[in-house]
Amino acid sequence: MNNRISFQNKTTVGTVLLGLYILTSYVAQGIVVSDVVNSAFLYLFLAWGVVTGVMESSVTITPFKAWYGIFLGLSVLTLVYSPEPFTLLDGSIYFVLVAFILTCFMQRIVTSKKAFQSIAVMYTIASTALMFLLFVTGNLSSLNGIRLGEELVGNNANVFARMMMTALMYELWLLVYEPMTTRLKVLLVLCMGANVVGLFLSGGRTFMVVPVIFLYILLLFKKDRHGRGAFFGYTCLIVVIAMLLWNLMMRVPIFYEMIGSRMEGLLHVLTGEGTVDASTVIRDRMKPLALKGWLQSPLFGHGFDSFKYYNLDDLGRFYYSHCNFTELLYNGGILYFGVYYWFYYDLVKRAIKQKKIPTAYRAFAAAAVVSLLALDYGSVSYFATPTIIMLMMADSALRMSAADKGSELENEKPGQTSTVSLRRG
C-alpha cells in the first residue's frame, strides 16, 4: 500500500512538471514569460526522471524507447564521418539526444488513458494560451507581411507552425473520440479555431494540410454502435472542410498574404504554370539534389546532418533539404532511413491488428503515422521534439487496454515491452 502511494506521489510530481514544461514551451516566448522558464521546467522534469529512475528497481523497454534509442546510436555513429563537428552538446544531435531522454521519461507517465487525455488537454490549453497572449499584446495585428513566428520561437515561422499543428491534432482527437458536454465541445472548437488562425498566419503550407489528413484517418476508424463506418460521409466531410479552409486562405486578405499566396506558388510548381516565389523554387531543387548526393553513398550516406554542407556548395544555402525522406537518405543512407521508418510501419501494423485496444487509441496511432508521413515530405522531423513526442504517444496509445480504468497500463503482450530488473540478489 505504501509503495502504491509512493508511486502515485512520484507520478503526480512528474505529471505536474511535464504539464508546466508543455505549457511554458508554448507561452514562454519572451513576450510575457521568458524562455528561461521553459528551460527551467525542462531540466526539473529531466531531474525528476533521473531521480525516480534511480529509486526504481526496473526499467521498462517499450518499442518506442528501443527504436529511438537505436536511432540515436546510429546518429552518433554517422556523426563520426560527417563534416559536422563531433559533439553531443550542440546542433541537431543535441536535439535528438534531448528528445530521446525527454520522451523516455514522458512515457513513464503516459501509462493510462487518463494520463494520455491529460497531455492532449494540456496541449490544447498551452496553444490557446499562446494565441491569447499574442492577441492581447498586439502581435497578431502588427505582422506587416512577416509570417507569425518569424520573431518568436527561435525566429522560425515553421517551428511555430509545427507547434500549432501539433496542438490541433490533439484537439481533433479529443473532439472525435472523447465524450464531453456540448459546452466543452464548443470551447474546444474555439480553441481549434485559434490554432487554425495561428497556422494561417504562420504561412506553414504543409503544416496546414497535415491536421486534415489526421482528421480523415481518425474518422475512418470511427464506427457507429452497430460497428459500421461511414467512408463516403466522412470523405465528403473532409472535402467540405478542405474547401472551407481553401476559401478562407484565398478570400481573407491577411490569410491570403500569409498562406494563400504561398499555396498558389506550390500549385504553380506542380502544374508548371504561373509565378513561383524564390523560396519554393529553392526547396523544389533541394530534394533532387539530396537524392543525387545519396546515390554517391547509398548504404551509409555522408554522415549525420551533412546535407547542409552539400547544399551550401551546390545551391549556396546552408540548411536542410526540407524533406525528412531525402535528409535521412543523404545523411545516413538506406540503413539509417530504414531504421527510422521501420517504427512507422510497426505502429500501423499494431494499430490495424490489435483489435482489443480501444478504437480511439488505435485511430490516434494510425492517424499520427499517416499524417506525419505527409509532413515529412515537406519538413525535417527526425529531431523535432513535438514529432518525436507524438510518436511516443502513438506507441503509448497502443498499450491501452479496454479494461483500463485510468490508472493502469495494459496487460503487456509478448514482444510489446520487456522489464529489466535492476535488483540484485
Side-chain angles (χ1 to χ4, degrees), residues 1-28 33 37-62 64-65 68 98-130 163 166-167 169-171 173-174 177-180 184 188 191 358 360-361 364-365 368 385-401 403-410 412 417 419:
M1 181 67 176
N2 290 334
N3 289 337
R4 179 66 176 170
I5 294 174
S6 175
F7 173 78
Q8 289 179 339
N9 289 339
K10 287 188 294 183
T11 302
T12 299
V13 171
T15 302
V16 171
L17 290 175
L18 175 59
L20 290 171
Y21 163 72
I22 293 173
L23 176 63
T24 56
S25 67
Y26 278 79
V27 301
V33 184
V37 177
N38 178 241
S39 298
F41 282 119
L42 171 62
Y43 294 138
L44 283 172
F45 178 70
L46 296 181
W48 168 86
V50 171
V51 171
T52 55
V54 171
M55 293 171 61
E56 293 174 359
S57 59
S58 62
V59 176
T60 301
I61 302 175
T62 64
F64 168 81
K65 292 176 185 176
Y68 205 59
V98 170
F100 173 67
I101 298 173
L102 174 64
T103 48
C104 283
F105 291 161
M106 281 184 70
Q107 196 166 38
R108 289 166 54 189
I109 291 174
V110 191
T111 58
S112 69
K113 295 177 184 179
K114 182 178 180 180
F116 191 97
Q117 295 158 3
S118 296
I119 289 179
V121 170
M122 183 52 65
Y123 271 99
T124 302
I125 295 172
S127 60
T128 305
L130 173 56
M163 292 166 60
T166 301
M169 291 164 74
Y170 287 116
E171 290 162 352
W173 179 78
L174 288 170
Y177 281 105
E178 284 303 300
M180 61 185 76
L184 283 178
L188 181 58
C191 293
Y361 297 93
F364 179 91
T385 302
T387 296
I388 305 307
I389 289 176
M390 184 158 283
L391 290 169
M392 178 276 295
M393 291 287 283
D395 182 52
S396 297
L398 294 175
R399 302 174 66 223
M400 303 294 174
S401 75
D404 177 48
K405 293 181 175 59
S407 62
E408 299 293 337
L409 202 75
E410 71 163 337
E412 295 176 357
T417 61
T419 301

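Residue numbers start at 1 and run along the sequence shown. Hydrogens, waters and symmetry mates play no part in the numbers below; they use all other heavy atoms, side chains included.
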Ignoring hydrogens, what is the shortest heavy-atom contact between R108 and G49? Give both atom names and the distance. NH1-O, 3.0 Å
Aromatic centroids of W173 and F116 separated by under 6.0 Å: yes
Any idea which heavy atoms bring S25 and M163 closest together, and the distance? O-CE, 3.4 Å
If you take all heavy atoms of A115 and V110, which pair is closest and at what distance? CB-CA, 4.1 Å
From CG (N38) to OH (Y43), nearest 0.5 Å: 9.5 Å
Value rounded to 0.5 Å, distance of OG1 in T166 from CD1 in I22: 11.0 Å
Can I388 and F64 be said to form a side chain to side chain contact (heavy atoms under 4.5 Å, CB included), step by step? CA-CA 10 Å; I388 305 307; F64 168 81; 3.7 Å; yes
Distance-minimising heavy-atom pair for S112 and M400: O-CE, 3.4 Å
Begin with the C-alpha distance, continue with both residues' side-chain angles, and end with the deciding distance and a verdict on side chain to side chain contact (heavy atoms under 4.5 Å, CB included) for L102 and Y21. CA-CA 11 Å; L102 174 64; Y21 163 72; 3.6 Å; yes
Test log, rule side chain to side chain contact (heavy atoms under 4.5 Å, CB included), inputs M106 and F45: CA-CA 9 Å; M106 281 184 70; F45 178 70; 4.0 Å; yes
Test side chain to side chain contact (heavy atoms under 4.5 Å, CB included) on L18 and W48 and set out the steps. CA-CA 10 Å; L18 175 59; W48 168 86; over 6 Å; no
The reported gap from OG in S396 to CD1 in I389 (rounded to nearest 0.5 angstrom) is 11.0 Å
Closest approach of A368 to A394 (non-hydrogen atoms, all atoms of both residues): CB-CB, 4.5 Å
Validation row: Y170, M122 side chains within 4.5 angstrom (heavy atoms): no
Would you check if T128 and Y26 make a side-chain contact, meaning some heavy-atom pair closer than 4.5 Å? no
Between CE on residue M393 and CE on residue M169, distance to nearest 0.5 Å: 11.5 Å
So how far is it from T62 OG1 to L398 CG, rounded to the nearest 0.5 Å? 11.5 Å
Any side-chain heavy-atom pair of Y177 and F364 under 4.5 Å: no
Which heavy-atom pair separates T24 from V37 by the least distance, and what is that distance? CG2-CG1, 3.9 Å
L42 and L46, any side-chain heavy atoms less than 4.5 Å apart: yes
Look up atom OG1 in T60 and atom NZ in K65, then write down how far apart they are to the nearest 0.5 Å. 6.0 Å
